[in-house]
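Take a look at the structure below.
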Protein chains: 2
Amino acid sequence: MNPSRPRIPEATVARLAVYLRVLTGLADGGRAGVSSGELAGAAGVNPAGLRKDLSHLGPCGVRGVGYDVLGLRDRIARVLGVERSRPCVLVGLGNLGSALADYAGFGSRGFEFVGLFDSAPERIGQVIGGRPVRPVTELDRVVAETRATIGVIATPAEVAQSVCDRLTAAGVRSILNFAPVTLTAPAGVDVRQVDLSVELQVLAFLDTQRDAPVPALGGMA
Amino acid sequence: MNPSRPRIPEATVARLAVYLRVLTGLADGGRAGVSSGELAGAAGVNPAGLRKDLSHLGPCGVRGVGYDVLGLRDRIARVLGVERSRPCVLVGLGNLGSALADYAGFGSRGFEFVGLFDSAPERIGQVIGGRPVRPVTELDRVVAETRATIGVIATPAEVAQSVCDRLTAAGVRSILNFAPVTLTAPAGVDVRQVDLSVELQVLAFLDTQRDAPVPALGGMA
DNA sequence: AGCTGTGAAACATTTCACAGCT
DNA sequence: AGCTGTGAAATGTTTCACAGCT
């Protein structure tokens with residue numbers, strides 16, 4: 001209703017990022033318009049939910065017609081803050097960290113990795129995704145110089161907390177953690193946890209439940 | 001209330017996987033008992049929520065005392081189906097796929113990668129996480145032979161849908177997709193999407209909102 | 001006293017149904 | 001007719017408060 005800042009639900013923010021990806025694809029393909037039904041299909045959500053999500057941005061479409069692909073794309077990009085480039089640092093360049101550093105999708109979405117850090121001597125100096133890997137000892141300095149506020153942790157679990165401590169001490173206020181440990185950070189620092197094995201475990205659980213929906217109350221009689 | 005199968009909420013299942021990880025750590029450290037407060041702290045949730053989660057498994061603890069670490073660990077492991085080994089296949093062994101194949105955590109949680117597949121000739125034959133990489137042409141045969149029901153897609157976006165089609169055709173019924181595209185699969189097949197850039201984008205959005213909570217209604221006057 | 005287990009309340013999210021514009 | 005925008009209902013999730021056991 002109020003288009004300025006009635007706070008957008010977090011679940012909606014996550015989906016907006018998906019819509020943005022789909023719209024970018026449509027725009028690149030030359031499409032001019034799209035309906036909520038088609039967009040919802042391509043994003044894997046239901047049409048009413050999509051319209052509800054977009055309603056948080058104020059009116060975006062034309063009734064009876066649909067949405068303008070470029071207009072909607074830019075609107076979402078602006079809300080998500082994609083136009084300003086955000087300096088991020090990434091710590092840990094094993095396979096996962098390398099995959100992240102290498103992922104071209106970040107650059108086009110407003111993220112710039114201004115520092116890649118690792119502690120293994122053999123990785124220092126390697127260039128990944130166009131950036132050199134530096135020793136973690138330089139972390140504090142680089143964060144200060146670039147005013148990076150976002151940090152990504154892709155280290156082994158054992159060192160993740162100490163990396164988190166260094167990041168927060170250096171001034172990072174938002175952390176995305178891929179290491180399978182729960183981090184503790186000072187109040188005011190937002191830590192988000194992504195645990196890849198948890199996702200697989202949920203999938204497996206649902207897989208099992210489907211095959212054995214209600215296996216009788218008594219167990220294996 | 002009913003300890004057999006009143007269906008466990010999905011959000012709870014995800015957290016159970018986290019509790020299991022923490023409990024395994026405590027057990028390895030020789031701890032015998034733990035309270036909901038301490039366990040909740042280590043898992044990053046609130047104590048009441050943790051107890052509510054555990055209530056879905058039926059009584060697990062001792063009032064006035066707490067939980068038995070080993071007993072609770074095993075209970076959760078049984079509910080999540082960790083004891084039976086699940087055959088999984090993984091397609092795409094770039095950095096991300098390699099990180100997944102290499103992650104020791106899977107083995108100890110009931111997952112066994114019975115097949116690693118890639119289409120790049122230079123990757124065929126490489127051994128990652130103790131398993132050789134095979135050509136995707138063998139996918140159908142391996143899925144059939146091993147009766148794998150879980151598939152993980154870590155390919156580039158362009159080929160993810162065709163990989164999904166092959167997996168489902170071969171009999172896979174649960175798919176975890178890391179490629180940044182929305183997959184369509186036949187009814188009865190469960191597809192879960194993990195989009196790493198979405199996580200970062202949500203984090204960035206919250207980061208921005210914090211710095212500019214309510215920037216006046218008129219824009220930049 | 002201490003801590004678990006749980007109904008009930010508060011909150012968030014999703015879905016529905018339809019008014020309203022083109 | 002077609003499709004968006006949105007209040008209201010339905011559903012799901014988190015938090016609270018406290019009864020009940022040790």
Side-chain angles (χ1 to χ4, degrees), chain A residues 1-4 6-19 23 26 31-69 71-73 75-76 79 193 198 202 205-206 209, chain B residues 1-4 6-19 23 26 31-69 71-73 75-76 79 198 202 206 209:
Chain A
M1 189 183 276
N2 178 355
S4 56
R7 219 181 90 262
I8 301 176
E10 191 169 316
T12 292
V13 173
R15 284 185 300 259
L16 286 176
V18 176
Y19 305 154
L23 286 163
L26 289 173
R31 281 288 299 276
V34 68
S35 69
S36 67
E38 185 181 358
L39 190 50
V45 303
N46 104 18
L50 179 139
R51 295 199 301 273
K52 177 68 108 186
D53 285 337
L54 295 183
S55 76
H56 293 283
L57 319 183
C60 300
V62 181
R63 297 190 184 206
V65 178
Y67 301 94
D68 175 61
V69 169
L72 185 55
R73 182 198 61 180
R75 183 90 99 102
I76 294 175
V79 169
Q193 177 78 29
V198 167
V202 172
F205 177 80
L206 298 173
Q209 279 227 324
Chain B
M1 191 182 276
N2 177 355
S4 54
R7 218 179 92 265
I8 300 177
E10 192 169 313
T12 292
V13 173
R15 284 185 301 257
L16 287 176
V18 175
Y19 306 154
L23 286 163
L26 290 173
R31 282 288 298 277
V34 69
S35 70
S36 66
E38 186 181 358
L39 189 51
V45 302
N46 104 18
L50 179 139
R51 295 199 300 274
K52 177 68 107 185
D53 284 338
L54 296 183
S55 76
H56 293 284
L57 320 183
C60 299
V62 181
R63 298 189 184 207
V65 178
Y67 301 93
D68 175 61
V69 170
L72 185 56
R73 181 197 62 179
R75 182 91 99 103
I76 295 175
V79 169
V198 167
V202 173
L206 298 175
Q209 279 227 324

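Here is the naming used below: chain letters follow the sequence lines, and residue numbers restart at 1 for every chain.
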Can you name the closest pair of heavy atoms from [X] and [Y] and give their distance?
X      : Y     : answer
B:C60  : B:L72 : CB-CD1, 3.8 Å
B:V45  : B:L50 : CG2-CB, 4.2 Å
A:H56  : A:I8  : CB-CG1, 4.2 Å
B:V202 : A:E10 : CG1-CG, 4.1 Å
A:V198 : B:A17 : CG2-CB, 4.0 Å
B:L39  : B:V34 : N-CG2, 4.0 Å

Would you say A:F205 and B:L16 make side-chain contact, with heavy atoms under 4.5 Å?
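No, side chains not in contact.
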Judged by each residue's nearest nucleotide on DNA chain D, which is more toward the 5′ side, B:E10 or A:S36?
A:S36
What is the distance, to the nearest angstrom, from the [atom1] atom on [X] to the [atom2] atom on [N]?
X     : N      : atom1 : atom2 : value
A:L72 : D:dC3  : CG    : P     : 16 Å
B:E38 : C:dT4  : CD    : C1'   : 15 Å
B:Y67 : C:dG2  : OH    : P     : 17 Å
B:L54 : C:dC3  : CG    : P     : 16 Å
A:R15 : C:dT15 : CZ    : C1'   : 12 Å
A:Y19 : D:dT4  : OH    : P     : 13 Å
B:L57 : C:dT6  : CG    : C1'   : 14 Å
A:H56 : C:dT13 : NE2   : C1'   : 9 Å

Using a 4.0 Å heavy-atom cut-off across all strands, classify B:P9 as base, sugar-phosphate, or nothing.
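Here B:P9 touches the backbone only, sparing every base.
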Under 3.5 Å, side chain of A:R75 to main-chain N/O of A:L57, donor-acceptor pair present?
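Such a contact is found between A:R75 side chain and A:L57 backbone.
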Are the side chain of B:R51 and the backbone of B:S36 linked by a donor-acceptor contact shorter than 3.5 Å?
no
Per A:A11 side chain, nearest of listed nucleotides D:dT13, C:dT13, D:dC3:
C:dT13
Per-nt protein contacts along nucleotides 16-22 of chain C (heavy atom under 4.0 Å; B base, S backbone sugar-phosphate only, - none) come out as BB-BBBS
Stems involving DNA chain C: give each as a range paired with a range, ordered by first number, where a stem means at least three consecutive Watson-Crick or G-U wobble pairs under 3.5 Å.
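In DNA chain C, stems of three or more pairs: C:1-22 with D:1-22.
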